[in-house]
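To start, the structure itself, in structure tokens.
These numbers were taken from a predicted model, which means no experiment stands behind them.
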Amino acid sequence: MLLLLLPLYELIETFAQRREANRKADYTLLLRNAIENVEAGNIESLIKQGADAHVLVTSGKAPFNSALQVAAFKGDFSLVRSLVEEAQVNLNGKGGTYGITALQAAICSKQYKIMRFLLQRNARFLWGNAPQINIRMSTELFLGIEVVWCTHIAQV
């Protein structure tokens, strides 16, 4: 009798694992849509429900390609902190329509608290394929960059 129950237990366990994997895949797909539509409010709840915080949108149509970029642009400090400290997402990942980092997204929307947080964790300002530009904590410099570089991005 025990020999019959063991395969049944394994079958139930396999089914549960598949169901969990499918649930995470569904939430990750919803997370991709939230990133494409720049919906920071939905991102945190989807990640808490099991979506992959590291997912990248590669459609080429989205202004941003990561949850961190959207959170930085929208000014969601608690989500930025959670993504950086808990999920340990790539701090310097570039992407989206403009090929920017989370730091650049924060600069464009004047999210100074997020800029400071990202810089304290060694975030980089990557300009296209140019070498790394070192930025010091200077509001004037941020405003100068914002005026020259971010005018068209802020309309997202």
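Between the NE2 atom of H54 and the OG1 atom of T28 there is a distance of 11.0 Å, given to the nearest 0.5 Å. Going from atom CD1 of I114 over to atom NZ of K74 covers 12.0 Å, rounded to the nearest 0.5 Å. Taken from CG in L119 to CG in L91, the straight-line distance is 9.0 Å, to the nearest 0.5 Å. Rounded to the nearest 0.5 Å, atoms CD (Q49) and CD1 (I47) are 11.0 Å apart. Between atom CD of residue Q69 and atom CG of residue L56 there is a gap of 8.0 Å, rounded to the nearest 0.5 Å. Distance check, rounded to the nearest 0.5 Å: CG of L68 to CG of L103 gives 10.0 Å.
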Would you give me the side-chain donor-acceptor pairs under 3.5 Å for residues 34-41, sequence neighbours excluded?
| unit_1 | atom_1 | unit_2 | atom_2 | d |
| --- | --- | --- | --- | --- |
| N37 | ND2 | N33 | O | 3.0 |
| E39 | OE1 | N42 | ND2 | 2.9 |

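Nearest heavy-atom pair across S109 and A72 is OG-O, 3.8 Å. Scanning all heavy atoms of the two residues, the minimum distance from R121 to V84 falls at CD-CG1, 3.9 Å. Pairing each heavy atom of A105 with each of F73, the nearest pair is O-CD1, 3.5 Å.
With respect to L46, the side chain to side chain contact (heavy atoms under 4.5 Å, CB included) criterion is satisfied by exactly one of D26, D52, L31, V55: L31.
Residues M115 and I107 have side chains in contact (heavy-atom distance under 4.5 Å, counting atoms from C-beta outward). Looking at heavy atoms from C-beta onward, K94 lies out of side-chain contact with I100 at the 4.5 angstrom threshold.
Scanning for ring-ring contact (aromatic ring centres under 6.0 Å, His included) contacts around F117 gives F77, with sequence neighbours left out. The side-chain contact (heavy atoms from CB on, under 4.5 Å) check on S82 picks up E86, with sequence neighbours excluded.
Cluster membership check: V89 does not share its hydrophobic cluster with L29, using side-chain heavy-atom separations under 4.5 Å among Ile, Leu, Val, Met, Phe, Trp and Tyr.
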Note to self: Determine whether V80 and L118 satisfy the following criterion, side chain to side chain contact (heavy atoms under 4.5 Å, CB included), listing intermediate values before the conclusion.
What the structure shows: CA-CA 9 Å; V80 168; L118 293 172; 4.1 Å; yes
